[in-house]
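Before any comments, here is the structure.
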Amino acid sequence: MFIYTAWHRTLLVPLLLLLSSCLGVLRPSHQFAPAKDVSEAPDYRMEDNWAALPDRLDSADAVPLGTLLRDRQRDAPVDVFFVHPTTHLGRGHWNADLHNTAINHLTDITTIRKQASVFNSTARIYAPRYRQATLYSFFDEKTKNGEEAIDLAYTDVKAAFQYYLDNYNHGRPIILAGHSQGTRHLTHILQDFFDHDPKLRHQLVAAYLVGFNVPEEMFQIVRPCEDSTQTGCYVAWNTADWGQEYAAYNKSVVTNPLTWSRDTSTAEARLNLGGVPSTFNRRDTRVVDAKVHNGLLWVHKPIRDGYPRFLLPGRPELRHSFHIADYSLFYYNIRQNAEARVRAYRIKMSGG
């Protein structure tokens, strides 16, 4: 599968340089065996089992240094349920231990700080920790181990979402957002909850299904967004070097985050309101252009450093992928769009 994760570059590159050229070095040495190998399921009554909660100081409250952005969760009119991508890179276990402080710290300083935070101007952020599948699970083509590890991870995300609905939501509008493994789990949340529940669909502002293959026929009722203010729909994209092809993604939904449309016209870089690099310390306007093409979002090389491509031993084709930067290249556009959809949703609900 062409699925990969978001990492902090300063941690990723030294790690990968220590590995051989074979992806097999990431493979756990044993078979998936939940009775022996998987830690106890999380109790979502415990705040420690959430990477972000709106009434607590955490990494989702961050804004890029040197910018004028502000965290406004206290007065935000909607919620975001955010599911983080893979930060479990080891081979010791097929699924992460929720008590592993190193994994939790990596999750917090990378994806919660640099992805979930994009929504903190307009939504209260709920982000569960979960027994995520290890990175190799998404490349396990010879056994069922990876698939079983991913399925187990989803049981946690599903339980977290149900707990959120029962205890935190109180009928508020909802944004779903995630990346990579997190988006994979959110596609199942949409299938298991929203496709079958008109009340929940009524609460859905939008879903940001970033960094995963999302064929249009995946959902029974929920459809792709067609413009920048449509609600009750989803957007999706996977960023790659201009001119690249990947047949496995040909049927994937692609939304251009510079125009919020699905047409194939080129969106010029002047429409890019600002990327935020991995250092999270500046705004880079016009950092890339973007074009929808055959299930991918093409971009030319960013005009500034800080937006790394994906590097993985044994997968040279991924060097053309900007998967790690799916959010950061369009940080300001995503932030503005979430605000616009929330305004449109509230107007619609008020009968305006």
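All values below come from the heavy atoms of this structure, side chains included, with hydrogens, waters and symmetry mates left out. It should be emphasised that the depicted structure is a prediction, and the values quoted were computed from it without experimental measurement.
In this structure, CD on Gln132 lies 3.5 Å from OG1 on Thr87, to the nearest 0.5 angstrom. Remark: His93 NE2 to Asn100 CG distance equals 8.5 Å, nearest 0.5 Å. To the nearest 0.5 angstrom, Thr279 atom OG1 is 8.5 Å from Leu65 atom CG. Ile174 contributes atom CD1, which lies 5.5 Å from atom CG of Leu165 (distance to the nearest 0.5 angstrom). Separating the OG1 atom in Thr86 from the CG atom in Leu135 is a distance of 6.0 Å, to the nearest 0.5 Å. Distance CG/Asn272 to OH/Tyr331: 14.0 Å, rounded to 0.5 Å.
A donor-acceptor contact closer than 3.5 angstrom is absent between the side chains of His293 and Gln244. Side chain to side chain, Asp140 and Thr143 meet the donor-acceptor criterion of an N or O pair below 3.5 Å. Residues Lys158 and Gln162 have side chains that never bring a donor and an acceptor to within less than 3.5 angstrom of each other. Inspection of the Tyr332 and Thr285 side chains reveals no N or O donor paired with an N or O acceptor under 3.5 Å. Side-chain atoms of Asp79 and Tyr164 include a donor-acceptor pair closer than 3.5 Å. Under 3.5 Å, the side chains of Asp108 and His105 contain no donor-acceptor pair of N or O atoms. Side chain to side chain, Asn337 and Ser228 fail the donor-acceptor criterion of an N or O pair below 3.5 Å.
Asn294 and Glu245 get closest at one heavy-atom pair: ND2-OE1, 3.3 Å. Contact detail for Leu329 and Val288: the closest heavy-atom pair is CD2-CG1, 3.9 Å. Nearest heavy-atom pair across Gly171 and Asn169 is N-OD1, 2.9 Å. When all heavy atoms of Thr111 and His84 are compared, the pair lying nearest together is CG2-CB, 3.5 Å. Closest approach of Trp242 and Ala290 over heavy atoms only: CZ3-C, 4.4 Å. Listed here is the closest heavy atom pair of Phe322 and Pro302: CZ-CD, 3.6 Å.
The side-chain heavy atoms of Arg341 and Val78, taken from C-beta on, include no pair separated by under 4.5 Å. With a 4.5 Å cut-off on side-chain heavy atoms, Pro277 and Arg304 do not count as touching. Using a 4.5 Å heavy-atom cutoff, the side chains of Tyr246 and Ser321 are not in contact. Side-chain contact between His323 and His179: present, with at least one pair of heavy atoms (C-beta onward) separated by less than 4.5 Å. Here the side chains of Pro128 and Phe81 are in contact, with some heavy-atom distance below 4.5 Å. Side-chain atoms of Ile324 and Arg309, non-hydrogen and from C-beta on, never get closer than 4.5 Å to each other. Side-chain contact check for Thr231 versus Pro173: every heavy-atom pair is 4.5 Å or farther apart. Contact annotation: the side chain of Asn95 approaches that of Phe32 to within less than 4.5 Å [non-hydrogen atoms, C-beta and beyond].
Ion pairing of Arg282 with Asp284 is present here, as a side-chain N (NZ or NE/NH1/NH2) and a carboxylate O approach within less than 4.0 Å. Classification of Glu216 and Arg262 as a salt-bridged pair holds, one side-chain N sitting under 4.0 Å from a carboxylate O. Salt-bridge annotation for Arg124 and Asp55: present, with a side-chain N of the basic residue lying under 4.0 Å from a carboxylate O of the acidic one. Look at Arg184 and Asp151 and you find a salt bridge, because one of the NZ, NE, NH1 or NH2 atoms lies within 4.0 Å of a carboxylate O, short of that distance.
Take Thr255 and apply the side chain to side chain donor-acceptor pair (under 3.5 Å) test, not counting sequence neighbours, and it matches no residue.
Note on Val222: it clusters hydrophobically with Met218, by side-chain heavy-atom contacts below 4.5 Å among ILVMFWY residues. In the hydrophobic cluster analysis, where Ile, Leu, Val, Met, Phe, Trp and Tyr join through side-chain heavy atoms closer than 4.5 angstrom, Ile125 is grouped together with Leu69. Residue Ile303 is grouped with residue Val299 when hydrophobic side chains (ILVMFWY) are merged at heavy-atom distances under 4.5 angstrom, including chains of intermediate members.
In terms of modelled atom types and a separation under 3.5 Å, the side chain of Glu339 and the main chain of Ser121 share no donor-acceptor contact. Thr266 places no side-chain N or O within donor-acceptor distance of the main-chain N or O of Lys291, the cut-off being under 3.5 Å. Between the side chain of Asp326 and the main chain of Thr239, a donor-acceptor pair closer than 3.5 Å is present. Judged by distance alone, with hydrogens and angles left aside, the side-chain atoms of Thr134 form no donor-acceptor pair with the main-chain N or O of Arg91 at under 3.5 Å. Checked by atom type and distance alone, the side chain of Asp156 pairs as donor or acceptor with a backbone atom of Arg131 at under 3.5 Å. Asn333 places a side-chain N or O within donor-acceptor distance of the main-chain N or O of Leu271, the cut-off being under 3.5 Å. Thr264 places no side-chain N or O within donor-acceptor distance of the main-chain N or O of Val292, the cut-off being under 3.5 Å. Side chain of Tyr44 to backbone of Arg129: a donor-acceptor contact under 3.5 angstrom is found. No donor-acceptor distance shorter than 3.5 angstrom exists from the side chain of Arg72 to the backbone of Thr122, with no hydrogens or angles considered. With hydrogens and angles disregarded, no donor-acceptor distance shorter than 3.5 Å links the side chain of Ser261 to the backbone of Asp227.
None of Leu204, Val80, Val205 except one satisfies the side chain to side chain contact (heavy atoms under 4.5 Å, CB included) rule with Leu176; the exception is Leu204. Residue Tyr208 forms a ring-ring contact (aromatic ring centres under 6.0 Å, His included) with just one option from Tyr234, Phe119, Tyr327, Phe330, and that option is Phe119.
Summarising the local packing, NE2 of His202 is surrounded by 12 or fewer heavy atoms from other residues, nucleotides or ligands at distances under 6.0 Å. Atom CZ of Arg56 has more than 12 heavy atoms from other residues, nucleotides or ligands within 6.0 Å. The local environment of CD in Glu217 is crowded, with over 12 non-hydrogen atoms from other residues, nucleotides or ligands closer than 6.0 Å. In the displayed structure, His300 atom NE2 is contacted under 6.0 Å by more than 12 heavy atoms of other residues, nucleotides or ligands.
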* Do Asn120 and Arg335 pass the side-chain hydrogen bond (donor to acceptor under 3.5 Å, both in side chains) test, and can you show the C-alpha distance, the side-chain angles, and the key distance before you say yes or no? -> CA-CA 8 Å; Asn120 67 22; Arg335 191 176 182 92; 2.9 Å; yes
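You'll find the ring centres of Phe219 and Phe194 outside the 6.0 Å limit. Proximity of the aromatic rings of Tyr130 and Tyr154 is defined here by a centroid distance below 6.0 angstrom, and this criterion is not met.
In this structure, Trp260 and Trp237 have perpendicular ring planes: the angle between them is above 60°, well past the 30° mark. Relative orientation of the Phe193 and Phe161 rings is perpendicular, given thresholds of 30° and 60° on the angle between their planes.
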